[in-house]
J.: 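Dropping a structure here in structure tokens format, bear with me for questions.
Computed from a predicted model, the values in this text were never measured in an experiment.
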Amino acid sequence: MKPKGGLLLAIAVAGASPSCARPEPLPFVKSAKLGVFYGGQVEERTDVPFELDPAKQTQGFRVRFSEPLARDTEVEWRIDVPKADPERKKRPRAAGERATPPRTSLSGKDVARAGETTLDHVLAFHPGDPLGLWNVRVVVRDKVVIDRPIEVFDPAARKRLAPPDAGL
């Protein structure tokens with residue numbers, strides 16, 4: 001027994017109907033950026049000058065949520081930085097010693113409050129913080145939203161090392 005043409009048409013229309021398709025759920029985190037804060041924006045950077053004065057420069061990360069939070073949400077962060085070892089530069093490397101400097105970690109948690117759509121965390125530099133490659137990792141609800149390196153450099157030293165025609 002063959003189905004009638006009208007029945008086939010009804011099945012085809014029902015299958016193509018958008019009301020039958022399940023909408024994709026919005027991701028919990030809309031975006032996450034690491035860099036320098038400028039006028040309400042975060043300019044993502046691969047390197048950041050070491051600047052102690054927050055009036056001149058503020059750096060950190062911003063997490064934007066897809067919708068206002070229904071409840072408080074924990075945001076975990078971890079920053080791996082080169083371990084300061086002033087003696088390391090004065091002595092030759094021992095046999096078997098790693099070529100890369102040892103690292104240390106800073107970590108913490110922030111709470112994004114219910115009703116909010118954005119969390120900003122400022123990463124402040126302090127006297128004695130080491131220069132070099134830092135890695136910033138941010139986790140929201142067990143999902144890594146940022147995990148990337150950023151070079152922290154001395155702007156005065158970089159300016160001295162730049163060739164005179166570098167701007168041309």
Side-chain angles (χ1 to χ4, degrees), residues 23-162:
E24 283 289 317
L26 288 174
F28 185 69
V29 173
K30 182 177 182 177
S31 67
K33 293 183 176 185
L34 169 66
V36 177
F37 292 101
Y38 279 119
Q41 302 296 319
V42 178
E43 181 180 308
E44 290 192 293
R45 299 265 187 96
T46 56
D47 57 355
V48 173
F50 183 81
E51 176 59 60
L52 293 173
D53 185 354
K56 292 182 180 177
Q57 173 184 293
T58 306
Q59 58 283 327
F61 63 83
R62 173 175 289 159
V63 177
R64 288 190 184 269
F65 303 98
S66 295
E67 298 177 337
L69 296 172
R71 59 183 166 88
D72 290 357
T73 300
E74 224 173 57
V75 176
E76 299 175 61
W77 53 268
R78 176 179 157 168
I79 305 168
D80 295 325
V81 299
K83 192 172 192 175
D85 183 2
E87 296 300 314
R88 184 177 181 85
K89 292 179 183 174
K90 296 178 185 175
R91 61 178 167 74
R93 201 169 0 133
E97 186 178 2
R98 296 183 316 189
T100 56
R103 303 190 65 75
T104 189
S105 293
L106 311 166
S107 61
K109 294 180 182 179
D110 289 338
V111 176
R113 302 287 176 207
E116 296 292 322
T117 57
T118 303
L119 173 90
D120 286 348
H121 179 87
V122 172
L123 302 173
F125 292 131
H126 303 285
D129 279 349
L131 301 176
L133 196 62
W134 294 34
N135 192 77
V136 179
R137 181 180 177 101
V138 180
V139 178
V140 180
R141 289 190 177 174
D142 297 323
K143 183 179 177 193
V144 176
V145 296
I146 296 174
D147 188 8
R148 70 178 187 85
I150 193 163
E151 181 77 22
V152 177
F153 68 92
D154 177 353
R158 189 175 275 189
K159 188 174 183 179
R160 284 191 308 271
L161 295 174

J.: So, for G40 and R62, which heavy atoms are closest and what is the spacing to 0.1 Å?
T.: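 In this case the closest contact between G40 and R62 is O-NH1, 2.8 Å.
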
J.: Using the side chain to side chain contact (heavy atoms under 4.5 Å, CB included) criterion, which residues pair with D72? Sequence neighbours excluded.
T.: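 With neighbours one apart ignored, the set is V111, R113, A114.
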
J.: How far apart are the closest heavy atoms of H121 and W77, and which atoms are they?
T.: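 It is CE1-NE1, 3.5 Å.
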
J.: Is there a side-chain contact between F61 and V42 in this structure, where contact means two heavy atoms from C-beta onward sitting under 4.5 Å apart?
T.: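 The answer is no; the side chains never approach within 4.5 Å.
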
J.: Could I get the full list of ring pair (Phe, Tyr, Trp, His ring centres under 6.0 Å) partners for F65, not counting sequence neighbours?
T.: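 Counting only residues at least two positions away or on another chain, F65 forms a ring pair (Phe, Tyr, Trp, His ring centres under 6.0 Å) with F28.
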
J.: Please tabulate, for the side chains in residues 148-156, all donor-acceptor contacts under 3.5 angstrom to protein atoms that are two or more places apart in sequence or on a different chain.
T.:
| residue | atom | partner | partner atom | Å |
| --- | --- | --- | --- | --- |
| R148 | NH1 | R45 | O | 3.0 |
| R148 | NH2 | L34 | O | 2.7 |
| R148 | NH2 | R45 | O | 3.1 |
| D154 | OD1 | A156 | N | 3.0 |
| D154 | OD1 | A157 | N | 3.4 |

J.: Kindly compute the distance separating CH2 (W134) from CZ (F125), expressed to the nearest 0.5 Å.
T.: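 So the gap between those two atoms works out to 5.0 Å.
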
J.: Hey, does Q59 have a side-chain heavy atom less than 4.5 Å from the side chain of V122?
T.: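 Heavy-atom side-chain distance check fails, nothing below 4.5 Å.
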
J.: Under the criterion salt bridge (Lys or Arg N to Asp or Glu O under 4.0 Å), I'd like the reasoning laid out for K109 against E74: C-alpha separation, chi angles, the key distance, then a yes or no.
T.: CA-CA 7 Å; K109 294 180 182 179; E74 224 173 57; 3.6 Å; yes

J.: Once rounded to the nearest 0.5 Å, what's the spacing between atom CZ of F50 and atom CZ of R158?
T.: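 Output value for this atom pair is 14.5 Å.
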
J.: Quick one, I146 and R137 - any side-chain contact, counting heavy atoms below 4.5 Å?
T.: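 Result no, sub-4.5 Å side-chain heavy-atom pair not found.
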
J.: Using side-chain heavy atoms (C-beta onward) and a distance below 4.5 Å, is R64 in contact with V29?
T.: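 Contact flag for R64/V29 side chains = no.
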
J.: Can you spot which of V138, T104, L123, N135 makes a side-chain contact (heavy atoms from CB on, under 4.5 Å) with I79?
T.: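 Of V138, T104, L123, N135, side-chain contact (heavy atoms from CB on, under 4.5 Å) with I79 is met by L123 alone.
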
J.: Output, in order, the C-alpha distance, side-chain angles, deciding distance and verdict of side-chain contact (heavy atoms from CB on, under 4.5 Å) for V63 and K33.
T.: CA-CA 7 Å; V63 177; K33 293 183 176 185; over 6 Å; no

J.: Do we see a donor-acceptor contact under 3.5 Å between the side chains of E43 and Q41?
T.: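 Side-chain D/A pair, E43 to Q41: absent.
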
J.: If I take atom CZ from residue R78 and atom OG from residue S105, how far apart are they, to the nearest 0.5 angstrom?
T.: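 Between atom CZ of R78 and atom OG of S105 there are 3.5 Å.
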
J.: Does the side chain of P68 come within less than 4.5 Å of E116's, by heavy atoms?
T.: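 Sidechains of P68 and E116: no contact.
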
